[in-house]
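Here is the structure we will look at.
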Amino acid sequence: MPKLQGSRVIAVTGGAGFIGSHLCETLVAAGHQVVCIDNFYTGSRANLGSVLEAPGFSLINHDIRNPLPDDLPRFDEIYNFACPASPVHYQADRVRTAMVCALGALHTLRRAARDGARLLQASTSEVYGDPEVHPQPESYRGCVNPVGPRACYDEGKRFAETLVTDFGAQAGLAVKIVRIFNTYGPRMQVDDGRVVSNFIVQALRGQDLTIYGDGSQTRSFCFVDDLVEGCLRLMGSPPVLSHPVNLGNPVEITMNDLAHCVLELTGSPSRIVYRPLPVDDPRRRRPNIDLARTSLRWEPTVPLRAGLQRTIESFARRLQTSEFDGATGETPVAASA
Ligand code: UDP
């Protein structure tokens with residue numbers, strides 16, 4: 001494809017996933033040529049919607065545990081977002097998850113070196129594990145169980161951070177590492193298993209909302225549009241900013257309060273039930289985003305209730321079109337305004 005004036009050629013691995021698809025959409029809208037690389041393990045073509053037909057967009061079915069195909073265009077930028085991110089999905093095949101983190105980083109780094117591309121590695125707040133420091137600044141080294149059920153993801157991402165840092169320094173690449181805190185929004189999978197999608201789907205279906213543990217654990221939820229904006233700013237930041245940067249919304253909420261908020265916004269008659277807390281489930285999580293504020297001039301703009309409302313509307317539309325609800329035949333509860 002001919003390169004347009006001012007546009008860049010950008011690879012997004014995991015581009016058919018939840019965050020990746022929003023990223024592709026934003027990059028295409030800005031006039032860039034985007035090559036989405038995905039093996040549809042947790043992503044889907046449906047996530048890409050109208051972007052699939054956009055000029056300058058192409059989609060490649062590829063597993064980044066294998067080297068990237070030779071015949072791809074020369075990339076200016078590579079966003080490495082390919083990895084299952086929900087505990088349910090990343091624990092389904094833990095060895096695979098660890099290898100996606102390790103080999104995916106290696107293969108995208110090698111391509112960045114070949115092309116002279118910038119690389120942005122999607123890391124995670126999970127590198128902090130069950131944190132003893134609260135809120136978590138980038139300087140905190142974390143408290144991760146290296147052999148627990150979350151380790152394939154936590155340690156996989158920690159290793160990816162190491163590899164990106166060392167490979168970037170040795171090869172003289174401009175590399176970026178974003179530590180993504182809990183992110184939510186339209187296009188989360190119905191069976192994603194994470195708390196926001198679970199609560200919303202349960203509320204819309206009139207099913208019990210499942211709180212794990214006593215519901216006093218906290219998370220801080222960032223709307224996906226805010227996260228994408230932060231990633232774009234990080235990719236465009238000066239090469240000297242090569243160390244990890246937290247992106248997330250510092251407004252912290254307990255799972256009990258989140259459940260009540262979803263019930264209120266959906267107007268659902270669902271009840272709340274309590275289920276066992278998963279092993280190694282972090283007690284608290286909240287980003288310190290001072291670095292993003294000062295170096296990227298970024299901070300979240302979408303309040304939780306507004307973001308939840310948009311997410312609920314999106315799930316309600318999908319439920320009504322029976323994209324995934326046909327089997328149960330349940331009637332979704334309409335999202336309230
Ligand atoms: N959680 C819950 N009910 C659910 C799913 C998750 O109470 O149906 C809890 C989970 O135990 C954790 C929090 O919600 O304490 C966030 O879980 P999630 O899987 O969304 O993200 P992560 O644990 O990776 O931050």
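Values below: all heavy atoms of this structure, side chains included; hydrogens, waters and symmetry mates excluded. Just so you know, ligand 1 is whichever comes first in the structure, and atom 1 is the first atom listed for that ligand.
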Of the protein's non-hydrogen atoms, which lies at the shortest distance from [atom], and what is that distance?
| atom | value |
| --- | --- |
| atom 13 (C) of ligand 1 | Met255 SD, 3.7 Å |
| atom 21 (O) of ligand 1 | Asn182 ND2, 3.4 Å |
| atom 7 (O) of ligand 1 | Tyr212 N, 2.8 Å |
| atom 15 (O) of ligand 1 | Asp281 OD1, 2.5 Å |
| atom 20 (O) of ligand 1 | Val195 N, 2.8 Å |
| atom 3 (N) of ligand 1 | Thr210 O, 2.6 Å |

### Task
Consider every N or O of Gln202 and every N or O of ligand 1, then say whether any pair is closer than 3.5 Å.
no
For [X], is the nearest heavy atom under 4.0 Å from an atom of ligand 1?
| X | result |
| --- | --- |
| Arg150 | yes |
| Ser125 | no |
| Glu126 | yes |

Element-labelled atoms of ligand 1 that are located less than 4.0 Å from some non-hydrogen atom of [X]:
| X | value |
| --- | --- |
| Gly193 | 5 (C) |
| Ile211 | 7 (O) |
| Phe199 | 3 (N) |
| Arg285 | 22 (P), 25 (O) |

What do we get for [X] next to ligand 1 when only non-hydrogen atoms under 4.0 Å count, side chain, backbone, both or neither?
| X | result |
| --- | --- |
| Arg194 | both |
| Arg219 | side chain |
| Asn198 | side chain |

Salt bridge flag under 4.0 Å for residues [X] and [Y]:
| X | Y | result |
| --- | --- | --- |
| Glu161 | Arg158 | no |
| Glu229 | Arg233 | yes |
| Asp76 | Arg74 | yes |
| Asp192 | Arg187 | no |
| Glu126 | Arg150 | yes |

### Task
Please step through side-chain hydrogen bond (donor to acceptor under 3.5 Å, both in side chains) for the pair Thr254 and Asn256, ending with a clear verdict.
CA-CA 5 Å; Thr254 66; Asn256 280 324; 5.0 Å; no
#### Entry: Whether Tyr184 and Phe223 hold their rings parallel, tilted or perpendicular, with breakpoints at 30° and 60°
perpendicular
#### Entry: Any donor-acceptor N or O pair under 3.5 Å, side chains His89, Gln91
no
### Query
When you look at Glu252 and Thr218, which way does the side-chain hydrogen bond (donor to acceptor under 3.5 Å, both in side chains) test go after all the steps?
CA-CA 6 Å; Glu252 189 179 354; Thr218 68; 2.6 Å; yes
### Task
Could you tell me the separation between the CZ atom of Arg284 and the OG atom of Ser216, rounded to the nearest 0.5 Å?
10.0 Å
### Task
Please say whether the positively charged group of Arg194, taken as NZ for Lys or CZ for Arg, lies over the ring of Phe18, i.e. under 6.0 angstrom from the six-membered ring centre and within 45 degrees of the axis.
no
